A.B. asks: 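A single structure is presented below for examination.
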Amino acid sequence: MPSFDEFISESRIFKDRDVLSPHYIPDTLHFRDHQIRELMSSLAPALMGKKPRNTFIYGKTGTGKTCSVKQVSRKFDEKAEGKARIVYINCRIHNKPYRVMLKVAKAVMEGFDKQGYGLPHIYERLLEWAGTGKQVLIILDEIDMVKNLDELLYMITRANDELEAGGFSVIGISNKLLFKEDLDPRSKSSLYEREMVFPPYTANQLQKILHQRAELGFQPGSFTSGAINLAGAIAAQESGDARYALKILSRAAEMAEEADKGKFTDAEVKAARELVELDIVREAIDKLPENHQVVLYAVARLSLSGSRYARLDDGDDGYLFSGEIYEEYTSLCKKLRKPPKTARSYRSYLNDLEMLGLLTCVESGKGIRGHTKLIKLGHPPRELMKIVSKHLEE
DNA sequence: CCTCCACCGGAAAGCCGGGTCA
DNA sequence: TGACCCGGCTTTCCGGTGGAGG
């Protein structure tokens with residue numbers, strides 16, 4: 001008779017998987033002292049009943065923006081004692097003024113959980129609430145995802161003008177430097193009262209961070225110091241992204257575990273890197289709506305079945321013509337018994353796919369009649385087709 | 001030099017599914 | 001139940017754009 005102990009036995013590698021997850025917030029955040037202090041000084045006025053300045057935080061992915069802000073807001077909550085509230089909002093989910101305000105209202109006022117109220121009603125209720133002298137800090141993570149951000153920021157400034165006491169302030173977080181360009185000048189100046197930058201981590205810093213997590217997350221003796229340093233070096237070379245570094249580490253650990261080894265080394269880390277690259281592509285594709293996937297598949301098919309290619313001046317070649325991809329897309333749709341979307345929609349899909357780095361587009365230049373886009377795949381076509389087709393079969 | 005090509009992408013309006021309130 | 005509200009996704013409309021062709 002087998003014993004359950006066999007299956008619930010402790011992992012030889014993992015001690016605490018949560019520590020390796022990107023959502024984990026360590027007690028001490030290395031190399032962010034300066035930013036954390038600055039942020040705290042920025043928010044401190046709210047604890048004395050005054051309105052803090054709006055703050056904009058910029059930094060690439062995996063530079064500890066969200067982590068630092070969350071840590072600071074924890075500390076803030078401990079001190080606030082009902083005088084002030086801090087609300088964290090992920091704008092990927094709450095990406096419209098209405099949704100943001102609704103989320104704020106729900107977080108701040110007990111019993112406010114009905115949808116279906118109009119924005120003006122929510123606004124009035126929030127004004128009444130804050131008007132009793134309370135400070136509301138709204139953290140907008142991935143603020144560039146908010147549509148009509150101008151409207152939202154304007155609403156907040158207007159609220160502050162109407163209030164005798166209390167107020168609203170915004171802490172915006174983004175990894176896009178260019179996004180402020182298409183902001184209304186008035187919103188720009190209000191959002192950028194204070195600006196903070198989170199630089200990418202260097203190899204040394206990443207290595208120290210990874211060591212810290214490894215001590216907490218892995219069993220003692222289950223990893224070599226060299227493996228950790230290698231993971232840090234790879235990630236630093238790519239982008240200085242701590243999240244990416246952690247992914248490599250987790251993957252390497254999983255590989256060792258599956259191979260029933262007691263520890264992981266440089267070899268596992270090197271192999272894990274490849275897997276993580278594919279993981280990232282797969283995650284991006286999984287979240288894609290159906291039509292985007294079909295377009296991606298069309299591009300992959302054409303880049304295999306050597307149709308017409310364009311060559312650029314700098315010698316870069318293998319670009320496909322937008323018009324031909326659209327034809328391929330429509331015929332694929334017919335095979336799948338789905339009505340194809342218009343060319344205008346197709347153009348938006350292309351742009352979305354480019355944003356995600358799944359393909360590259362360039363404007364056509366000399367040698368090509370008319371004016372069009374030339375498109376190339378960002379990843380090996382066979383891998384992409386495998387991933388997409390799995391999804392398209394329902 | 002003018003016109004045509006083969007597209008581009010913004011704005012606005014329409015449709016749909018999911019929700020609330022009285 | 002009907003009148004609203006919201007967000008997401010489309011389609012329609014339409015004014016560009018830069019090189020090729022004549």
Side-chain angles (χ1 to χ4, degrees), chain A residues 89-107 109-126 140 142-152 154-155 178-179 181-184 284-296 298-299 302 307-314 316-317 319-334 336-356 359-376 391-392:
Chain A
I89 295 172
N90 182 346
C91 300
R92 192 179 285 277
I93 301 156
H94 307 277
N95 59 357
K96 295 266 168 78
Y98 172 79
R99 289 202 176 195
V100 170
M101 293 310 260
L102 183 65
K103 174 88 181 173
V104 174
K106 278 185 187 177
M109 294 184 282
E110 277 167 46
F112 193 99
D113 54 357
K114 310 276 169 99
Q115 277 191 26
Y117 286 123
L119 192 49
H121 182 260
I122 298 175
Y123 175 82
E124 289 301 328
R125 296 288 304 274
L126 273 172
L140 298 173
E142 304 196 64
I143 191 172
D144 49 290
M145 302 292 285
V146 180
K147 287 165 197 153
N148 293 326
L149 182 58
D150 288 322
E151 189 191 322
L152 178 64
Y154 176 66
M155 203 186 316
L178 287 174
F179 114 99
E181 301 308 322
D182 29 272
L183 225 50
D184 183 291
I285 292 178
D286 282 353
K287 285 188 223 137
L288 244 35
E290 194 176 28
N291 278 300
H292 289 70
Q293 298 194 18
V294 180
V295 170
L296 193 61
V299 180
L302 286 183
S307 68
R308 218 151 58 90
Y309 286 124
R311 195 170 296 105
L312 267 53
D313 287 346
D314 56 20
D316 202 5
D317 70 347
Y319 283 92
L320 295 158
F321 293 83
S322 166
E324 290 184 12
I325 295 171
Y326 183 61
E327 277 170 34
E328 177 70 18
Y329 159 76
T330 47
S331 75
L332 274 173
C333 279
K334 279 180 193 130
L336 292 165
R337 308 184 158 277
K338 304 262 156 99
K341 303 298 175 201
T342 34
R344 180 67 188 87
S345 302
Y346 155 78
R347 270 174 249 143
S348 319
Y349 305 152
L350 276 188
N351 288 337
D352 295 343
L353 292 171
E354 188 187 13
M355 290 280 237
L356 293 168
L359 34 85
T360 13
C361 304
V362 286
E363 298 283 303
S364 70
K366 278 183 192 170
I368 291 152
R369 193 104 194 278
H371 189 217
T372 183
K373 256 187 182 170
L374 302 172
I375 290 116
K376 191 158 88 167
H391 235 262
L392 249 32

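Just so it is clear: chains get the letters A, B, ... in the order the sequence lines come, proteins before strands, and each one is counted from 1. Not measured: the values here are computed from a predicted model.
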A.B. asks: Round to the nearest Å and state the distance from A:Y98 atom OH to C:dC6 atom C1'.
C.D. replies: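 To the nearest whole Å, that distance equals 6 Å.
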
A.B. asks: When the distance from CD1 of A:I122 to C1' of C:dG7 is rounded to whole Å, what number comes out?
C.D. replies: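 Rounded to the whole Å, the gap is 14 Å.
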
A.B. asks: Sequence neighbours excluded, which residues qualify as side chain to side chain contact (heavy atoms under 4.5 Å, CB included) partners of A:A343?
C.D. replies: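 For A:A343 the side chain to side chain contact (heavy atoms under 4.5 Å, CB included) partners, ignoring immediate neighbours, are A:Y326, A:R347.
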
A.B. asks: Taking only residues two or more places apart in sequence or in another chain, which ones pass side chain to side chain donor-acceptor pair (under 3.5 Å) with A:Y123?
C.D. replies: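 Counting only residues at least two positions away or on another chain, A:Y123 forms a side chain to side chain donor-acceptor pair (under 3.5 Å) with A:E162.
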
A.B. asks: Give me, pair by pair, the N or O atoms of the protein and of nucleotides 8-10 of chain C that are less than 3.5 Å apart, along with how far apart they are.
C.D. replies:
unit_1: C:dG8; atom_1: OP2; unit_2: A:K96; atom_2: NZ; d: 2.8
unit_1: C:dT10; atom_1: OP1; unit_2: A:N291; atom_2: ND2; d: 3.2
unit_1: C:dT10; atom_1: OP1; unit_2: A:Y349; atom_2: OH; d: 3.4
unit_1: C:dT10; atom_1: OP2; unit_2: A:Y349; atom_2: OH; d: 3.3

A.B. asks: Going by the rule side chain to side chain donor-acceptor pair (under 3.5 Å), which residues pair with A:T330 if we only count those two or more places apart in sequence or in a different chain?
C.D. replies: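 Partners of A:T330 under the side chain to side chain donor-acceptor pair (under 3.5 Å) test: none.
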
A.B. asks: Using whole Å, report how far CZ of A:F321 lies from P of C:dA20.
C.D. replies: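 Result: 12 Å.
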
A.B. asks: Taking only residues two or more places apart in sequence or in another chain, which ones pass side chain to side chain donor-acceptor pair (under 3.5 Å) with A:K373?
C.D. replies: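 A:K373 satisfies side chain to side chain donor-acceptor pair (under 3.5 Å) with A:N351 once adjacent residues are dropped.
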
A.B. asks: Between A:K106 (NZ) and B:dT20 (C1'), how many Å, whole number?
C.D. replies: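 Going from A:K106 (NZ) to B:dT20 (C1'), I get 12 Å.
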
A.B. asks: In chain order, what residues pass the side chain to side chain contact (heavy atoms under 4.5 Å, CB included) check against A:R125, with sequence neighbours excluded?
C.D. replies: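 Result, side chain to side chain contact (heavy atoms under 4.5 Å, CB included) vs A:R125: A:M109, A:F112, A:H121, A:E128.
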
A.B. asks: Between A:Q293 (side chain) and A:I285 (backbone), is there a donor-acceptor pair under 3.5 Å?
C.D. replies: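 Here the side-chain-to-backbone pair exists.
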
A.B. asks: Under the ring pair (Phe, Tyr, Trp, His ring centres under 6.0 Å) test, which residues partner A:H292, sequence neighbours left out?
C.D. replies: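 For A:H292, the residues satisfying ring pair (Phe, Tyr, Trp, His ring centres under 6.0 Å) (neighbours in sequence not counted) are A:Y349.
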
A.B. asks: Would you say the side chains of A:Y346 and A:N291 form a donor-acceptor pair under 3.5 Å?
C.D. replies: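 Result is no, nothing qualifies.
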
A.B. asks: Shorter than 3.5 Å, N or O on both sides, protein versus nucleotides 9-14 of chain B: list them out with atom names.
C.D. replies:
unit_1: B:dG9; atom_1: OP2; unit_2: A:N351; atom_2: ND2; d: 3.4
unit_1: B:dG9; atom_1: OP2; unit_2: A:K373; atom_2: NZ; d: 3.3
unit_1: B:dG9; atom_1: N7; unit_2: A:R344; atom_2: NE; d: 3.4
unit_1: B:dG9; atom_1: N7; unit_2: A:R347; atom_2: NH1; d: 2.5
unit_1: B:dG9; atom_1: O6; unit_2: A:R347; atom_2: NH1; d: 3.0
unit_1: B:dG10; atom_1: N7; unit_2: A:R344; atom_2: NH2; d: 2.8
unit_1: B:dG10; atom_1: O6; unit_2: A:R344; atom_2: NE; d: 2.7

A.B. asks: Only counting residues at least two apart or in another chain, list the ones meeting side chain to side chain donor-acceptor pair (under 3.5 Å) with A:S345.
C.D. replies: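 A:T342.
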
A.B. asks: For nucleotides 17-19 of chain C, print each protein N/O atom paired with a nucleotide N/O atom at under 3.5 Å, atom names and distance only.
C.D. replies:
unit_1: C:dT17; atom_1: O2; unit_2: A:H371; atom_2: ND1; d: 3.0
unit_1: C:dG18; atom_1: N2; unit_2: A:G370; atom_2: O; d: 3.4
unit_1: C:dG18; atom_1: N2; unit_2: A:H371; atom_2: N; d: 3.4

A.B. asks: Nearest 0.5 Å please: distance from the CD1 atom of A:I375 over to the CD1 atom of A:I325.
C.D. replies: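 So the CD1 of A:I375 and the CD1 of A:I325 are separated by 4.0 Å.
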
